[in-house]
Amino acid sequence: MAFATVPDVATRQGRTFTTAEEDSVEVLLDYATAAIADAALKDDAWAEALDPVPTILKGLTIELVGRAMANHEGLTSMSEQIGSYQYMK
């Protein structure tokens, strides 16, 4: 069981998702929950037993999913150059 739901992520982003996006968000929610549990040195059983899910874990899960959706290609940096002007991020 993930720490947040698709509607939680949609509310945070202020939009609705297509069916394909909902499927992706479901997977990302599971990954985010597993990453949080792993960082806490816990397992999936621990994550599933949390009822209710603490607000901090729910919020962190939503933010992790939002970041993954915004950076779906896994970029770590970006740069552009036009003539002598260069932009790096």
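- For Thr18, the side-chain contact (heavy atoms from CB on, under 4.5 Å) partners two or more places apart in sequence, or in a different chain, are Ala20, Glu21.
- Applying the side chain to side chain donor-acceptor pair (under 3.5 Å) criterion to Thr5, with sequence neighbours excluded, gives Asp8.
- Contacts of Glu22 classified as salt bridge (charged side-chain N to carboxylate O under 4.0 Å, His left out), with partners at least two apart in sequence or in another chain: none.
- Taking all atoms of both residues into account, the shortest heavy-atom contact from Asp43 to Ala37 is O-CB, 4.0 Å.
- Cluster membership check: Leu29 does not share its hydrophobic cluster with Leu64, using side-chain heavy-atom separations under 4.5 Å among Ile, Leu, Val, Met, Phe, Trp and Tyr.
- Cluster partners of Leu41, using a side-chain heavy-atom cutoff of under 4.5 Å among ILVMFWY residues and allowing indirect links: none.
- Under the 4.5 Å side-chain heavy-atom criterion for grouping Ile, Leu, Val, Met, Phe, Trp and Tyr, Val6 is connected to Val65 within one hydrophobic cluster.
- Linking Ile, Leu, Val, Met, Phe, Trp and Tyr whenever their side-chain heavy atoms come within less than 4.5 Å puts Ile36 and Met1 in one cluster.
- Atoms CZ and CE, from Phe17 and Met69 in turn, are 4.0 Å apart once rounded to the nearest 0.5 Å.
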Review item, side-chain donor-acceptor pairs of residues 50-63, under 3.5 Å, at least two apart:
{"residue": "Thr61", "atom": "OG1", "partner": "Leu57", "partner atom": "O", "Å": "2.7"}
{"residue": "Glu63", "atom": "OE2", "partner": "Arg12", "partner atom": "NE", "Å": "2.6"}
{"residue": "Glu63", "atom": "OE2", "partner": "Arg12", "partner atom": "NH2", "Å": "3.1"}

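- Contacts classified as side chain to side chain donor-acceptor pair (under 3.5 Å) and involving residues 27-40 (residues at least two apart or in different chains) are not found.
- Among all heavy-atom pairs drawn from Trp46 and Ala40, the shortest one is CH2-CB, 4.3 Å.
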